[in-house]
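These notes concern the structure reproduced below.
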Amino acid sequence: MADGPGRFAVVDPATGEVVGEAVDQGPRELDGAVERAHAAWRGWRADPAARTAALRAAADAVTAAADELAPLLTREQGKPLAESHAEVARTADRLRYFAGLTPESRTIEDGRPVRGEISWRPLGPVAAIVPWNFPLQLASAKFAPALAAGNTMVLKPSPHTPLATRLLGAVLAAALPEDVLTVVTGREPLGARLAAHPGIRHVTFTGSPATGRAVAAGAAASLARVTLELGGNDAAILLEDVDVERIADRLFWAAFRNCGQVCMAVKRVYAPARRCSEVVEALAARAKDVVVGSGLDPATRLGPLNNAPQRDRIADLTARALAAGARAASGGHRLPGPGYFFAPTILADVPPDTPVVTEEQFGPVLPVLPYDRLDDAVEAANGTSLGLGGSVWGTDLDRAEEVAGRLECGTVWINHHAELSLAQPFTGVKDSGVGIAGGPWAFYGNLRPFVVHRPRPDPGGAAA
């Protein structure tokens with residue numbers, strides 16, 4: 001099946017074969033989706049109790065459809081089927097969480113003859129532009145708080161992974177009022193048009209800093225709000241007292257889950273110089289033993305990269321590091337056969353200024369770098385343009401927490417990495433983004449305050 005007018009092919013990254021096709025929607029279809037979202041907003045915003053019931057029904061519908069959604073997600077994204085099921089479950093859980101939130105009104109009493117009564121109102125139709133690494137989970141991170149707050153949404157998935165999102169949209173449509181959530185599919189410039197659409201009041205986007213800047217520029221034309229999660233180059237700092245064998249599995253999967261295609265994955269490891277070889281060997285042993293293959297195979301723990309350009313980028317970053325003097329303790333090469341597979345790679349002796357260290361790799365390659373002074377490790381961890389997350393690993397938890405407080409990022413973990421509660425904020429510093437996702441912060445980010453000044457009654461009973 002080849003691309004044709006009005007449609008485009010979607011490829012299975014494990015085989016390179018076409019698994020389906022999606023509609024390549026244009027300006028007219030996008031305008032219609034936004035107009036319908038605006039019309040649906042009038043009813044959706046008016047009844048909070050009905051919204052809560054609908055969102056809970058939507059969560060139940062997602063859970064019931066897991067056996068359809070998860071295999072389709074694996075076929076177009078590549079991740080192991082168990083991880084796809086976990087992503088579907090997380091999508092349902094997020095809907096249930098936000099369905100339980102309500103905005104808190106308050107009154108300001110400050111001694112004046114009037115009092116301020118503050119309530120919250122939804123924004124209107126909002127937009128979400130979602131990448132290919134966690135299509136359903138990241139979509140729900142955007143639509144669940146937006147819908148719970150009383151907004152309607154137009155959702156655009158990546159052209160690499162539109163099929164499961166389109167199916168998710170159909171599942172949700174059975175539980176939600178018509179046009180409250182609309183999925184639009186297409187190649188660029190559809191995303192740019194959605195970000196700049198004058199009928200959209202808030203744009204949420206996850207992706208690269210370069211595209212995030214373009215999204216922000218587009219949204220600025222209509223002064224729409226933006227929430228941008230723009231990736232990370234998370235560093236893990238191992239302290240002198242770290243128990244390497246005890247933490248090696250956790251550290252490995254913090255870097256390699258979803259084939260390393262996780263914004264908040266560990267992407268650099270800094271280890272004490274005298275223990276660096278021990279760390280490299282422990283991680284390389286796990287990289288050599290992990291089963292790589294199709295996500296539909298129950299034995300697979302690591303699937304392919306999602307698309308050919310990303311596979312080629314990982315190959316280029318690795319080749320440049322090796323040419324600069326790095327050593328591949330495991331992997332370091334593409335795997336033979338069809339699909340976009342790259343051997344899980346642990347790099348040692350990596351020059352610290354090579355792109356595999358200074359840039360976000362977003363794939364199954366992990367550089368391990370030695371340090372002599374802890375201050376140098378902290379400075380190196382903070383020394384990139386990104387600041388999404390980081391972690392500190394050691395036996396003395398108080399010491400680890402002290403070091404964690406010195407990292408310039410939005411979230412720091414101690415002795416684990418990349419685990420998030422639905423109730424916590426998720427944000428970055430520097431080029432890692434603008435705004436806050438997660439928990440009540442995401443909910444209120446989809447609302448605006450509305451203030452009424454009301455006179456106090458005078459002692460005689462009349463308004464002052």
Handout entry: Value rounded to 0.5 Å, distance of CD1 in Ile129 from OG1 in Thr204
Key = 8.0 Å
Practice task
Say whether, by atom type as modelled, one donor and one acceptor occur between the side chain of Trp413 and the main chain of Val392 under 3.5 angstrom.
Solution key: no
Handout entry: Test of ring centre spacing under 6.0 Å for Trp120 and Tyr444
Key = yes
Handout entry: Arg94 side chain to Phe143 backbone, donor-acceptor under 3.5 Å
Key = no
Exercise for the section: Measure the CZ-SG distance between Phe426 and Cys263 for me, rounded to the nearest 0.5 Å. Expected result: 7.0 Å
Problem - Residues Lys430, Glu408: salt bridge by 4.0 Å N-O rule - result: yes
Fill in the blank from the handout: When Lys142, Arg201, His202 are each screened for side chain to side chain donor-acceptor pair (under 3.5 Å) with Asn446, the one that passes is His202
Practice task
State, yes or no, whether a side-chain contact exists between Ile414 and Leu397 at a heavy-atom distance under 4.5 Å.
Solution key: yes
May I have the list of side-chain donor-acceptor pairs in residues 328-335 shorter than 3.5 Å, sequence neighbours left out?
unit_1 : atom_1 : unit_2 : atom_2 : d
Ser330 : OG     : Pro344 : O      : 3.2
Ser330 : OG     : Ile346 : N      : 3.1

Exercise for the section: Please examine the side chains of Leu73 and Pro135, heavy atoms only from C-beta on, and report whether any two atoms are closer than 4.5 Å. Expected result: yes
Exercise for the section: Please confirm whether the backbone N or O of Gly191 pairs with a side-chain atom of Glu188, one donor and one acceptor, at under 3.5 Å? Expected result: yes
Problem - Distance (rounded to the nearest 0.5 Å) between Asp234 CG and Leu386 CG - result: 9.0 Å
Problem - Test applied, side chain to side chain contact (heavy atoms under 4.5 Å, CB included); reference residue, Trp393; option that passes from Val403, Asp241, Val269, Leu251 - result: Leu251
Handout entry: CG-CD distance between Leu283 and Glu278, expressed to the nearest 0.5 angstrom
Key = 10.5 Å
Problem - CD (Glu379) with more than 12 external heavy atoms under 6.0 Å - result: no
Handout entry: Any pair counted as ring pair (Phe, Tyr, Trp, His ring centres under 6.0 Å), so long as it reaches residues 235-281, sequence neighbours left out
Key = Phe252-Phe256
Practice task
Please report the closest heavy-atom contact between Leu305 and Gly363, naming both atoms and the distance.
Solution key: CD2-CA, 3.9 Å
Problem - Residue pair Arg250, Glu245: steps toward the salt bridge (Lys or Arg N to Asp or Glu O under 4.0 Å) verdict - result: CA-CA 10 Å; Arg250 272 175 282 158; Glu245 195 55 36; over 6 Å; no
Handout entry: Verdict with supporting geometry, Asp376 and Arg373, salt bridge (Lys or Arg N to Asp or Glu O under 4.0 Å)
Key = CA-CA 5 Å; Asp376 294 337; Arg373 297 171 60 250; 2.7 Å; yes
Problem - Short N-O contact, Arg90 and Glu87, less than 4.0 angstrom - result: no
Exercise for the section: Measure from NZ or CZ of Lys267 to the centre of the six-membered ring of Phe362 and say whether it is under 6.0 Å with the direction within 45° of the ring axis. Expected result: no
Problem - Arg311 charged N/C atom sitting above Tyr340 aromatic ring, 6.0 Å / 45° - result: no
Handout entry: Gap separating the OG1 atom of Thr384 from the CG atom of Asn233, nearest 0.5 angstrom
Key = 5.0 Å
Exercise for the section: Decide if atom CD of Glu402 counts as having more than 12 heavy atoms of other residues, nucleotides or ligands within a radius under 6.0 Å. Expected result: yes
Exercise for the section: Using a strict 4.0 Å threshold on nitrogen-to-oxygen distance, state whether Asp372 and Arg274 make a salt bridge. Expected result: no
Practice task
Would you mind reporting whether Val350 and Thr354 have side-chain heavy atoms less than 4.5 Å apart?
Solution key: yes
Practice task
First locate atom CZ of Arg257, then atom CG of Asn133, and finally report the distance between them rounded to the nearest 0.5 Å.
Solution key: 9.5 Å
Handout entry: Side chains of Thr63 and Arg96, donor plus acceptor under 3.5 Å
Key = yes
Problem - Lys/Arg-Asp/Glu bridge criterion (N-O < 4.0 Å) met for Asp396, Arg399 - result: no
Problem - Flag for Thr74-Ser84: side-chain donor and acceptor within less than 3.5 Å - result: yes
